[in-house]
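Everything on this sheet refers to the single structure shown next.
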Amino acid sequence: MLQDAKAEEIMTSVKEQEAIRKLMVFLQEWDSAHKVARIHILDNFIKSNDGKTEPELELELSQGASLFLARLTAWLRITYTYSTCLNKLLKSIGIFLSAASGHRYLIEFLEIRGVVILLEILGLNHLKEEDKREAVKLLQLIAGTGRMYKELICESYGVQSLAEFLATSNSAEAQEDVQVLLDSLGRGNPKYQNQVYKGLVAVLPCASPRAQQLALQTLRVMQDVVGEASPVLVEPVLGALCSVHLEVQYEAIQLLRALMASELRPALLKGLVVLLAPARRKALTCEETTKGKNPTALCPRETMLVYIQQAAAARAVGVLAKESAEVAEELVQLKVVHGLLVAAGNLDHVASQRHASISLEYFVRMFPFVEGCVKKALGHIMFQHFMDNPETWYTKMDPVQAEELVSSIGKFYPAGSQN
């Protein structure tokens, strides 16, 4: 019996020594390898160990997984600014961070300021989008570990870095990964949820329609979490309505719907009504500018964006009014009918005419007073065309009728006549 135990002990010792020898050979191979050889080692490591748990990694690396992780993080610190197989290096580190029961690997990565390095990668313009996407994935793993780690990312100016990357990235996949991460940082993170919210608002004026769409989606979801809406949201949300991309307009209107329960409702409704009637003033300003000192001004484009925003606002007021009688009444008080008639008379933009007419029909059918006002403005024949088919009646409108429509508003819609 004692002999068997002794034999077993000897065999175990031999296995341990062999495992240690194997580990040392592997680590020496890494330490002495040049770039190409290290890439080959990383390829084999990723292929063999993706999805493994902490015990499985320790078994694979002879209880020396932390020694290899330390080498990976050391190489990352040295090379991340000039992209030496950064993608494979981050994927290899990700195997450790995603390993079940591998919390100690996360701690070891954070000790070398891993979060700061990942965020700095996002801001390096010369790095590839796929490298930055891998950095975002590692940040997702870290944020998913708990509130303390979400706070660490935010404390490291993570929200600003992520918002900037979302706004400037050329990769739709990377932008979607950033959205997932920002959404995660905005949940279960009360200390910094407002910072995440404002970071998303800052993305809205950017030039990337995909970033705008994702930011609007995330803001809508976060609205329930944050509760009170920030006044800084009013101008960017209304500004998103001038996007030439319908998916951005759609998300802006969905966010407006969610904000109708907030204290921002009066400001948003007032802003929408204002957007319905800027075309004549903007076009005149544009014409004056082209005749003045700056003939190279891009007025035609600016005017078209105003018209696009006008059409989207006309659509939005219809959507909001149909969902709430209270909102519809507030819009009438704000003289939305005036604005919709102006938009319906905009012969330079069919979309404005169409959306304004569809929304106007709802107000006409909802409020007898509005019906009388619109009938007076349009005249009997044109009003009948409007009621018969609000989606096409404006095609029968000539320039003189459109001008009369817009200029006659004040005569039949005096201040206070809605009450």
Verdict with reasoning, Phe45 to Phe26, per ring-ring contact (aromatic ring centres under 6.0 Å, His included):
CA-CA 11 Å; Phe45 179 77; Phe26 174 72; 7.5 Å; no
Mind running side chain to side chain donor-acceptor pair (under 3.5 Å) on Ser262 and Gln223 for me, showing each step along the way?
CA-CA 9 Å; Ser262 76; Gln223 196 56 52; 5.5 Å; no
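For the residue pair Glu164 / Gln160, a side-chain donor-acceptor distance below 3.5 Å is found, with atom types taken as modelled. Counted by atom type alone, Glu108 and Ser66 present one or more donor-acceptor pairs between their side chains at under 3.5 Å. For the 3.5 Å distance criterion, the side chains of Gln217 and Arg220 fail to qualify, holding no donor opposite an acceptor. A donor and an acceptor atom, one from each side chain of Gln179 and Thr218, are located under 3.5 Å apart.
Residues Leu320 and Arg257 meet the side-chain proximity criterion, which asks for heavy atoms closer than 4.5 Å. Residues His349 and Ile308 meet the side-chain proximity criterion, which asks for heavy atoms closer than 4.5 Å. Two residues are said to be in side-chain contact when any heavy atoms from C-beta on lie closer than 4.5 Å; Gln212 and His245 fail this criterion. Under the 4.5 Å side-chain criterion, counting only non-hydrogen atoms from C-beta, Phe96 is in contact with Leu57.
Of the charged side-chain nitrogens involved, at least one lies within less than 4.0 Å of a carboxylate oxygen, so that Glu134 and Lys137 count as a salt-bridged pair. One finds no salt bridge joining Glu173 and Arg133 here, because no Lys/Arg side-chain nitrogen approaches an Asp/Glu carboxylate oxygen to under 4.0 Å. A salt bridge between Glu176 and Arg210 is present, with a side-chain N of the basic residue lying under 4.0 Å from a carboxylate O of the acidic one. Note on Lys47 versus Asp43: no salt bridge recorded, every NZ/NE/NH1/NH2 to OD/OE distance being 4.0 Å or above.
Taking the six-membered ring where tryptophan is involved, the planes of Phe386 and Phe383 are tilted, since the angle between them lies from 30° to 60°.
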